[in-house]
Amino acid sequence: MSPEPILVEQLSKTYQVPEREGGFGAAVRSFFKRKYKDVKAVEKVSFRIEPGEVVGFLGPNGAGKTTTLKMLSGLLHPTSGGASVLGFTPWERKSEYLRSMTLVMGQRNRLSWDIPAADSFLLNQAIYRIPDDEYKKTYKELDELLELEPLMKKPVRNLSLGERMKCEIAAGLLHRPRVLFLDEPTIGLDITGQVRIREFLREYNRRTGAAILLTSHYMADVTALCERVIIIDHGQLKYDGGLTDLSRKIAPFKLIGVMLSDADSHDLSRYGTEVQNEEDMDKRYLQVRADEVTRVTSQLLSDLPVHDITIADPPIESVIEQAFNQ
Amino acid sequence: MHFLKLISTFLKVNIQMSLAYRADTLVNILLNIMWLGWELLGLSIIFNNTTTLGGWGIGELIALLGVFRLINTMMASIIWPNTEKFNQSIRDGSLDYTLLQPAPSMFLVTFSRITIWRMWDLLLSIVLIVAGVRMAGDVATPLNILTFLLLTVSGAIVLYSLWIVLIAFTFWFTKFDNNVTILQALLDAGRYPVSVYPAWVQIIVTYLVPIAVATTVPLQALRGDLSLGRVLIFLAVSVVAAWAASLVWKAGIQRYSGASS
């Protein structure tokens, strides 16, 4: 089993979307003559993911994340460019390829609603031709990590969202895929649920060495799981590299927190941009460019009745947000 | 072998799904018993009052009804429920998961739902065919029976292919929920021997719409009315239909992959 990376080269996807003005007349005209507009969902995106890597795939809504994942899993044909995953061209959808990867979409169901997940699992076992002993072994392992057993006997419709997501993910992993494409796997879950899935994915990656490409709107998923992130926006690659380097490149800022004796009476705007920090309401926070930190700090100390002062990197969430906004 | 195993797994899952709601199950059983009674009553009325229709004797008509019911069972237990599921899966996007499974998508789309309640129709149709043939006093030679079976299967294949083409159209039109209503309307025309209809309808039904192939033709074979040449033509038609349907299906999937988001 030669470990081969995910290789994406100049991948592009353009959709033709029907377009019309609002209103009745336009609706009738559009019935007879459709106008189409080209929408570039993904534009010349290239990257490479090594086996065993967990990579966060980020971007605002409509950036082209799902389209890219769908191309890599084989659901969509690209308009141009190429990709190879485990040595296969995804959109040829060879059954050998389909058996070695999985796509889990947090917003879609693969399990049958009316029967317990255990029965849907057996159906998957049959479709993926998983031998009994291998199936049992994998199931045991997944059960150990996700505590599936108590959920297996209830019809899926009676499970909570978090419980169902655990089963959905397990269903996608029964065939022990070597590449995982996860599209918002924690969407809608509460904090505990998110943490469970996160811990599971980390452990799964450690045990199996599977490569994971993951999108999420919860930055905590990304910071907990991924050392590397790929950011796309408007279909174009904006950043590909370490999570820690990201703040240096995208947002060379520091946060200066000051505790003042009469906190509200001072205007801090001339020192830098004041930002909210929910975790620490006692201090007021200033966002200051990294090369200005020393100057601003000494100025603050000399000008104001400062009780306490801290200097920190901005939280990665806000850095990523900033990256989107650029 | 793998496909048989898959079908039996699908069947098991579907039985479980059908049994999931108790009240629904009971109503279904009751309804089907009533339905069966109604069908038998209808048959006995035809049986008692009619002697010929379009030149066919009563026994032949009964057998024809049997073949018709056989095809109808296929419609009710497989085609209808899977169409519903297919149309829904296009809308809610779950077709994506189907396409990512390592089994032919046409197979998965065909068998993922099986309505078990109509299965005893299968028995009824076989009884009707056997009884009808015997009543007609025809001596069905083993060869006739064999061609009959072959042509019934090939008729079912033609119908199935037509269905695949109709649902594959959804890939182009996005919303095409009437796909199977059209098919059912065409099929209903096959309830009576084609010669009941005016010539132009016969032409449509026999040639343009190969529904007649699915019901009348197998029965002609059973009576030994078909020449070998025509039998071969009908068999060839079903092979071509299946081939064409799989091409259209593939193009549809390609189109889906190219256009969906």
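The basis for the numbers below is simple: all heavy atoms, side chains too, and nothing from hydrogens, waters or symmetry mates. Remember, predicted model here, so these are calculated numbers, not experimental data. Reminder, nothing fancy here: chain letters follow the sequence lines and each chain counts from 1.
- Summarising the geometry of B:V13 relative to A:D119, their closest heavy-atom pair is CG2-O, 4.1 Å, with the distance given to 0.1 Å.
- More than 12 heavy atoms of other shown residues, nucleotides or ligands fall within 6.0 angstrom of atom CD in A:E149.
- Heavy atoms of A:M105 lying under 4.5 Å from chain B belong to its backbone as well as its side chain.
- Contacts with chain B (heavy atom to heavy atom, under 4.5 Å) involve these residues of residues 152-160 of chain A, listed by number: A:R157.
- In terms of heavy atoms, A:A126 sits closest to B:T9 at CB-OG1, 3.8 Å.
- With values rounded to the nearest 0.5 angstrom, A:I115 atom CD1 is found 11.5 Å from B:I15 atom CD1.
- Within the model, atoms CZ of A:R93 and CG of B:L99 stand 5.0 Å from one another, a figure rounded to the nearest 0.5 Å.
- In this structure, the separation between CG on A:L123 and CD on B:Q16 is 10.0 Å, given to the nearest 0.5 Å.
- With a 4.5 angstrom heavy-atom cutoff, A:S112 touches chain B only via side-chain atoms.
- Side-chain contact between A:W113 and B:M17: absent, with no pair of heavy atoms (C-beta onward) separated by less than 4.5 Å.
- Contact detail for A:R108 and B:S94: the closest heavy-atom pair is CD-N, 4.4 Å.
- In this structure, OG on A:S95 lies 12.0 Å from CD on B:Q101, to the nearest 0.5 angstrom.
- No donor-acceptor pair closer than 3.5 Å links the side chain of B:Y97 to the backbone N or O of A:L111.
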